[in-house]
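Before any comments, here is the structure.
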Number of protein chains: 2
Amino acid sequence: MVVDELTEEAVDRLFHALADATRRDILRRCVRGELSVSRLAEAYPMSFAAVQKHVTVLQRAGLVGKQRRGREQLVRTDPDAVARARRALDELENAWRARVERMSGLLAGEEGADGTAGPDRGTRKGQDR
Amino acid sequence: MVVDELTEEAVDRLFHALADATRRDILRRCVRGELSVSRLAEAYPMSFAAVQKHVTVLQRAGLVGKQRRGREQLVRTDPDAVARARRALDELENAWRARVERMSGLLAGEEGADGTAGPDRGTRKGQDR
DNA sequence: CTCATCTACAACCATTTGGTTGTACGTTAG
DNA sequence: CTAACGTACAACCAAATGGTTGTAGATGAG
């Protein structure tokens, strides 16, 4: 189990990688892990090197991995990638839910609960994953 | 209703806005909508103008809104903000699930798959800017 | 072996980002 | 009214982004 720490920097890289249409498209195409970087590059109106850079960004964000096959480098989207992004959103959401509740708590006179924002996340329902 | 289309550009702005620790922190703080920009600015080791710019980025991404109160401008995180980000992730995920299934479909001889990757969209009152 | 491919990486350039300061404007307090 | 506050916005700057070309190292095909 990936007790993925998800540091702030990791979240930065994650969202930054997702903030580009070309990179999102690469993610869509590489679920099956059958495309080499040069095959991929054929699909976009930019140079091979540019696509290579995009793949590097995705890789450093942990969204794809590469595997050698002969002289090609096959790119594969990490199946858990979206889960990680979703988790980052959950944590944001939890943080602000906790903030609201702490405020309400103060107003209601509750004090037993220390600032423990022990947000048991997962209370999200639509998780069809 | 002009369904809040979530264009590629909108997704770019969304994820780009989320890809910065300061901006994510602003989101966390502004759920209650009680903080003015200058109050906010006190919390960070940067100038007022810098924070102002961050707020603008968040606003253009549809993540926060501003409301005047006297001479202050109160910043409030849009409660549905995370939902929209989550939806962007869902669409990414759906797109590649569809891709996998189309592949499997070909192999299995199934024909039901129509490449429709654009399912129902939640109807968020599309006001932006 | 030789050649064509695929990849990696450096150097370079234009634009954007994230930050600064400075100035101007509207609003509230005295 | 005047002064202080909160905001908006322009001008400027360093660094990062996203793209280019060019060069060089592996690997597979003939």
Problem set entry | Residue of the set B/Val82, B/Leu27, B/Leu58 for which side chain to side chain contact (heavy atoms under 4.5 Å, CB included) holds with B/Thr77 | B/Leu27

Problem set entry | Short side-chain N/O contact to C/dT17 OP1/OP2 from B/His54, under 4.0 Å | no

For this session: Please report how far the helix from C/dC1-D/dG30 to C/dG30-D/dC1 bends, comparing the axis fitted to its first five pairs with the axis fitted to its last five, to the nearest 10 degrees.
Result: 20°

For this session: Return the value, rounded to whole Å, for the distance between atom CG of A/Asp20 and atom C1' of C/dT16.
Result: 13 Å

Exercise. Closer than 4.0 Å, any side-chain N/O of B/His16 to the OP1 or OP2 of D/dG18?
Worked result: no

For this session: May I ask you to say what B/Thr22 touches in the nucleic acid, namely base, sugar-phosphate or nothing, with a heavy-atom cut-off under 4.0 Å?
Result: nothing

Exercise. So does B/Gln52 get a side-chain nitrogen or oxygen closer than 4.0 Å to the phosphate oxygens (OP1/OP2) of D/dA8?
Worked result: yes

Exercise. Over how many whole Å does the gap from B/Glu72 atom CD to C/dA29 atom P extend?
Worked result: 10 Å

For this session: Check DNA chain D against residues 23-31 of chain B and give the residues with a non-hydrogen atom under 4.0 Å, in numerical order.
Result: none

For this session: Find the distance B/Arg68:CZ to D/dG6:C1' and express it as a whole number of Å.
Result: 8 Å

For this session: Consider the side chain of A/Val37, meaning its heavy atoms from C-beta on, and name the nucleotide among D/dG18, D/dG6, C/dT7 that approaches it most closely.
Result: C/dT7

Problem set entry | Lys NZ or Arg CZ of B/Arg84 over B/Phe15 ring: under 6.0 Å, within 45° | no

Exercise. NA contact type, A/Ser38, heavy-atom cut-off 4.0 Å: base, sugar-phosphate, or nothing?
Worked result: sugar-phosphate

Exercise. Of the nucleotides D/dT7, D/dT21, C/dG18, which has the atom closest to the A/Ala49 side chain?
Worked result: D/dT21

Problem set entry | A/Phe48 CZ to D/dT20 P, straight-line distance once rounded to whole Å | 13 Å

Problem set entry | Rounded distance (Å) that lies between atom P of D/dA8 and atom CG of B/Leu40 | 12 Å

Exercise. More 5' along DNA chain C: A/Lys53 or A/Leu74, using each one's nearest nucleotide?
Worked result: A/Leu74

Exercise. A/Arg69 has an atom CZ; how far is it from atom C1' of D/dT27, in whole Å?
Worked result: 13 Å

Seminar exercise, completed: From the candidates D/dG19, C/dA29, C/dA8, the one with an atom nearest any side-chain atom of B/Arg71 is C/dA29

